[in-house]
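Computed from heavy atoms alone, side chains included, the values below leave out hydrogens, waters and symmetry copies. In what follows, chains are A, B, ... by sequence order, proteins preceding strands, each numbered from 1.
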Protein chains: 2
Amino acid sequence: MRKAIRPGRPRGARATPAESATAILDVAEQLVQTRGYNGFSYANIAVELGVTKASLHYHFASKALLGSALIDRYHAAFVAALAEIDAAGARPAERLERYVRLYDQVIRNGRMCLCGMLAAEHATLPAPMRTRLRRFFEVNERWLATVLEAGRDAGDFAFGERPGERAAVVLGALEGAMLVARSFDDPRRFRIAARRVIADVVSVGSPRARH
Amino acid sequence: MRKAIRPGRPRGARATPAESATAILDVAEQLVQTRGYNGFSYANIAVELGVTKASLHYHFASKALLGSALIDRYHAAFVAALAEIDAAGARPAERLERYVRLYDQVIRNGRMCLCGMLAAEHATLPAPMRTRLRRFFEVNERWLATVLEAGRDAGDFAFGERPGERAAVVLGALEGAMLVARSFDDPRRFRIAARRVIADVVSVGSPRARH
DNA sequence: GTCTATAACGAGATAGAC
DNA sequence: GTCTATCTCGTTATAGAC
């Protein structure tokens, strides 16, 4: 419910472009994550922010540009979150747990992963969005593969295939678990499935591997 | 490219309602599976079939009814395919393989699972479609759970949790693998991931469990 | 059953005043 | 930067002729 006009601003002062753009992106992001790129309009954002559609076009000239900006910001936030996980210097198992928690926070808010949602609509997206989408998944898989490889080297993980392959399985399983969980309006379904996806990676001897 | 007018029909004869409805559903299905429910229109179908939009409304009065009919037909076809697998009387491992092959045929055609696609758009769907969507996943999971339980009883499978839980993991992983694979325009990504999802279910002692 | 014609509306987008 | 006003187009859907 964030508005373009920031509370506490001097009477009559306008929002800066950056503030308005952020507010627009916030609303648009929520809309895409719940309804999809083809399931929302400038009108939806305008109503939510209490401005006109024309104002939105000042900040994002076209819906395609808005869409690309959405992925860029989401991607950057994700990379920052991954960097934070890395900075904590925890063991691979803990890093994987925290990665899953990123997804859990998304579905907890009744949302789907932004890029998981866009992946479904892939065929209808402008080319710049498709490129960014692909890159988001590539970066995710690469980070996951690194963590998985480190975990196996440390003897904490016991998956059989190449780290990159297992990374693809994990990423797909998490995205799919979100997708299905939303059809049941039940975030717990995601949590239960995610727990098993982690267990499939962890070594058989570990306390978490079975049951 | 199937048309409403069946080739070989006597000159001047019209298509029967059932034939036209089937042709409409065929095109609509392909459109939803590639572009999503919010990504196609009656105009798309009309052009493809060489008829007018008004004709389509004769067979499916509203888009919501068309959508429900789509899920009903897809669900029935899926159930029939599962019955065929069951009728073959193969071992659980073979049944699971054949289940995955159903998904593989879908993505081989450049499509996403109809219900996986609709799951993304869940929040924008009419209530009757949401109900049907949920039911499709329930039936899938129940069938999978039965196969998984039989496999474990037979000593072929070695997953640790309740069959229903593992069924949810498998279903989610397959749907997610399709989703991501489509973003890469690469069906092989699905196949590789699906192979590992199966391996996660199969016993450690089996030749397919590792590498 | 399929057509033409059109209603009724919402979409993305732009011009120009303030 | 945000507004009013408007344009153009595509959408779902209906009426009525053939």
Taken in chain and number order and not counting sequence neighbours, the residues that satisfy side-chain hydrogen bond (donor to acceptor under 3.5 Å, both in side chains) with A:Arg191 are A:Asp104
So salt bridge (Lys or Arg N to Asp or Glu O under 4.0 Å) across residues 72-89 of chain A, not counting sequence neighbours, yields A:Asp26-A:Arg73, A:Glu29-A:Arg73, A:Asp72-A:Arg132, A:Asp86-A:Arg95
With sequence neighbours left out, the residues meeting salt bridge (charged side-chain N to carboxylate O under 4.0 Å, His left out) with A:Arg91 are A:Asp156
Using a cutoff of under 3.5 Å, can you pull out all pairs of nitrogen or oxygen atoms linking the protein to nucleotides 6-9 of chain D, with atom names and distances?
none

According to the interplanar angle, ranging from 0 to 90°, do the rings of A:Phe159 and A:Phe157 count as parallel (below 30°), tilted (30 to 60°) or perpendicular (above 60°)?
-> tilted
Expected list for residues 54-62 of chain A near DNA chain D, using heavy atoms below 4.0 Å, is A:Ala54, A:Ser55, A:Tyr58, A:His59
Residues passing the ring-ring contact (aromatic ring centres under 6.0 Å, His included) test with B:Phe136, sequence neighbours excluded, are B:Tyr74, B:His75, B:Phe78
Note: contacts of residues 36-46 of chain A with DNA chain C (heavy atom, under 4.0 Å) are A:Phe40, A:Ser41, A:Tyr42, A:Ala43
Hits for side-chain hydrogen bond (donor to acceptor under 3.5 Å, both in side chains) against B:Glu141, two or more places apart or cross-chain, chain-then-number order -> A:Arg189
Contacts of B:Arg35 meeting side-chain hydrogen bond (donor to acceptor under 3.5 Å, both in side chains) (sequence neighbours excluded), chain-then-number -> none
Residues passing the side-chain hydrogen bond (donor to acceptor under 3.5 Å, both in side chains) test with B:Ser68, sequence neighbours excluded, are none
TODO: Establish, with yes or no, whether the OP1 or OP2 oxygen of D:dT4 is under 4.0 angstrom from a side-chain nitrogen or oxygen of A:Thr52.
DONE: no
In whole angstroms, the gap separating P of C:dC3 from CG of B:Leu49 amounts to 10 Å
By ring-ring contact (aromatic ring centres under 6.0 Å, His included), A:Tyr42 pairs with (sequence neighbours left out) A:His57
When rounded to whole Å, the CG to P distance for the pair B:Leu66 and D:dT11 reads 15 Å
Taken in chain and number order and not counting sequence neighbours, the residues that satisfy salt bridge (charged side-chain N to carboxylate O under 4.0 Å, His left out) with B:Glu138 are B:Arg134
